[in-house]
Each structure stands twice: as structure tokens, then as C-alpha cells.
Amino acid sequence: MDTPALALGPLLHEGKAKRLYATADPQWCAVEFKDVATASNGRRQVRLPGKGRLNCQISARLFTLLEQAGLPTHFRELVGDGWMLVRPLRMIPLEVVLRNRAAGSLLRQLPIVTGQQLEPPLLDLYFKDDALGDPFLSEARLATLKILTPQARVQLETMARQANGALHQALAGLDLDLVDLKLEFGWDASGQLRLGDELSPDNCRLWDRRQSPHSPGRSLDKDRLRQGLGGLVAAYKEVNHRIQALGLQPRSHDPGEGL
Ligand code: TMP
């Protein structure tokens, strides 16, 4: 990925799909979206030129959509097309999965058919720990870990459901069926809970309703890698193209502003 038009500080964190850097202003960090896709908890890794830019653009627009719906996120602005500036968050080690339809791991764990609608959407919490394989958390395990107070848990789940509802509705208008998605949250310096990480087809399932309106539909998400279907970058391009039709204008970095 090209170097961004700002002075980068030290690398703070490297995940499977992104790198997080400090900037000259401690209020903001820079995120680089990598041209890499991983599956099977990082055991399979593929280089896919163009993927980083697409996930950055898609995430910027969807964060903007949620901010406009009143949900606090870490997003500040795009820097070029493969980087963004975000507010540093103290991340909560939870993967918050919202399921609008049955797919993926749920099919292996419950007697349920692919695509069965889940109303209200199912909210599953997983402990974010690669070495442990991100285990599912029961109520008792969550309480044992003492990750969240009961009040913070209610706040997090309310925000997660609102984000899912807003995204599901906006994407449905583009004939994209948001089957499920994974969200991550953190606390900013003032103690405000915010949505972090990314909002891209790496972290959700999107079924194309244009091709098969009455059946599960073509996957326009990372299932293309998980299932060896190929065409991942083309699918993400299609998602980015459709999302542009929402007319959202994510803020863009002005190099004259400093940093
Ligand atoms: P699952 O079917 O594997 O439980 O995944 C549910 C959703 O969460 C799906 O959209 C993919 C997403 N997800 C991630 O983004 N990261 C992960 O580590 C896992 C396990 C799932």
C-alpha cells in the first residue's frame, strides 16, 4: 500500500488485515488496510492486490453512515484511499456477532437451515483471543472474565443492534442481504464507547439479491475465500460500487491541516 500523506509514528499494533500507527497527534492513529486475506483463524493467508483499498473505502462509508445515524465510531477521515485516521480506543476483547440469517458456524452448531431468518437478530459474544480460537462466551463465562459491567454490556449490545439495524436496512436497498456481521468496540480517552475495527466484507456476510432474490444468493464477502470460490476482489469491488450509490461522503484528510 502507498505511504499516506502524513507523518507516521511507531507501529502500535499489527493484526491480520490492518496495521495501526501512531501519528504526530496523540488524539489520532493511522490505519493501513493490508492487501491480505486470511481464513481459518489466520492459518490460510492470500495476497490480494486492491483488497486493502476496497475495505478502507467500504469501511469509511459505512462508519460515516453509522455516525450519521448517531452511533459513535472511531472513524475520523480517509487519508488517500487505503488509509484512515481513527481515534485510539482501548479495545474490549470481544467479537460481537449479529446474525440476521443462519449461516457459517451457526449451521454447524444448531439444527437450522442456511438462510433461516433470525428475528430478532441473534447476538453472540466471543472472547477475542486467537490462541484460544475466539471461544463462544456463555453468560457465566462473560461474568467470570469481568470484561464488562452489566451497564456497559447493555450499552454495547444496544449499540451493536442499532448498528446492525442501520446497516441491514441501508444494504437491503442495494440488494445486499446482510446475513451476519462481526463488530468490535472500545473506550475512547473520554470514556465514550465507540465502534472500532472495520466494517467490510471481511467481517460480514453479504448475499447478492440481484442474482438470486429467493435463495441464499451469491456471496460477496470473505466466504469466497473460506469456500475457495475465487473472485474475492471482484466481489468487494461490486460491494464498494453499490455502497457508493448511498451518496455518503466520508471526510477526507486535508494535508494542510497538519499531522
Ligand atoms: P461465523 O459464522 O464464523 O460465526 O461468523 C459470523 C460472522 O462473523 C461472519 O460475518 C464472519 C464474522 N467473523 C469475523 O469477522 N471474524 C472472525 O474471527 C469470525 C470467527 C467471524
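Order of appearance sets the numbers: ligands from 1, and atoms from 1 within every ligand. These values consider heavy atoms only, across backbone and side chains, with no hydrogens, waters or symmetry-generated copies.
Annotation for ligand 1: atoms under 4.0 Å from non-hydrogen atoms of G104 are 2 (O). Ligand-side atoms of ligand 1 in range of D134: 18 (O), range being under 4.0 angstrom from any heavy atom. Each of the atoms 15 (O) of ligand 1 lies under 4.0 Å from some heavy atom of D202. Atoms of ligand 1 found under 4.0 Å from any heavy atom of S105 (numbered from 1 in listed order, with element): 1 (P), 2 (O), 3 (O), 4 (O). Taking a cut-off of under 4.0 Å to the non-hydrogen atoms of R205, the atoms of ligand 1 that pass are 1 (P), 2 (O), 5 (O), 6 (C), 9 (C), 10 (O).
Residue, atom and distance of the protein heavy atom nearest to atom 14 (C) of ligand 1 are K182 CE, 3.5 Å. Nearest protein heavy-atom contact of atom 9 (C) of ligand 1 is D180 OD1, 3.2 Å.
At a distance under 4.0 Å, a protein heavy atom can be found next to atom 12 (C) of ligand 1.
Of the polar atoms of R226, none of the N or O atoms is found under 3.5 Å from an N or O of ligand 1, judged by distance alone. Note: an N/O pair closer than 3.5 Å links E95 and ligand 1 by distance alone.
In terms of heavy atoms, L174 sits closest to R210 at O-NH2, 3.6 Å.
Taken from CZ in R87 to CD in Q27, the straight-line distance is 7.5 Å, to the nearest 0.5 Å.
Under the 30°/60° scheme for interplanar angles, the aromatic rings of F63 and F75 are found to lie parallel.
Under the side chain to side chain donor-acceptor pair (under 3.5 Å) rule, K18 has a single partner from E32, E198, H13, which is E198.
Under a 4.5 Å side-chain heavy-atom cut-off, the cluster of Ile, Leu, Val, Met, Phe, Trp and Tyr residues that includes V97 is completed by Y126, F136.
Residue pairs meeting the ring pair (Phe, Tyr, Trp, His ring centres under 6.0 Å) criterion with at least one partner in residues 144-202, sequence neighbours excluded, are absent.
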Test R99 against S105 for side-chain hydrogen bond (donor to acceptor under 3.5 Å, both in side chains), laying out the working first.
-> CA-CA 11 Å; R99 302 177 189 275; S105 66; 3.3 Å; yes
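Neither the backbone nor the side chain of K222 comes within 4.0 Å of ligand 1, counting heavy atoms alone. When non-hydrogen atoms are compared, ligand 1 lies under 4.0 Å from the backbone of N203 as well as from its side chain.
Classification of R242 and D175 as a salt-bridged pair fails, no side-chain N sitting under 4.0 Å from a carboxylate O.
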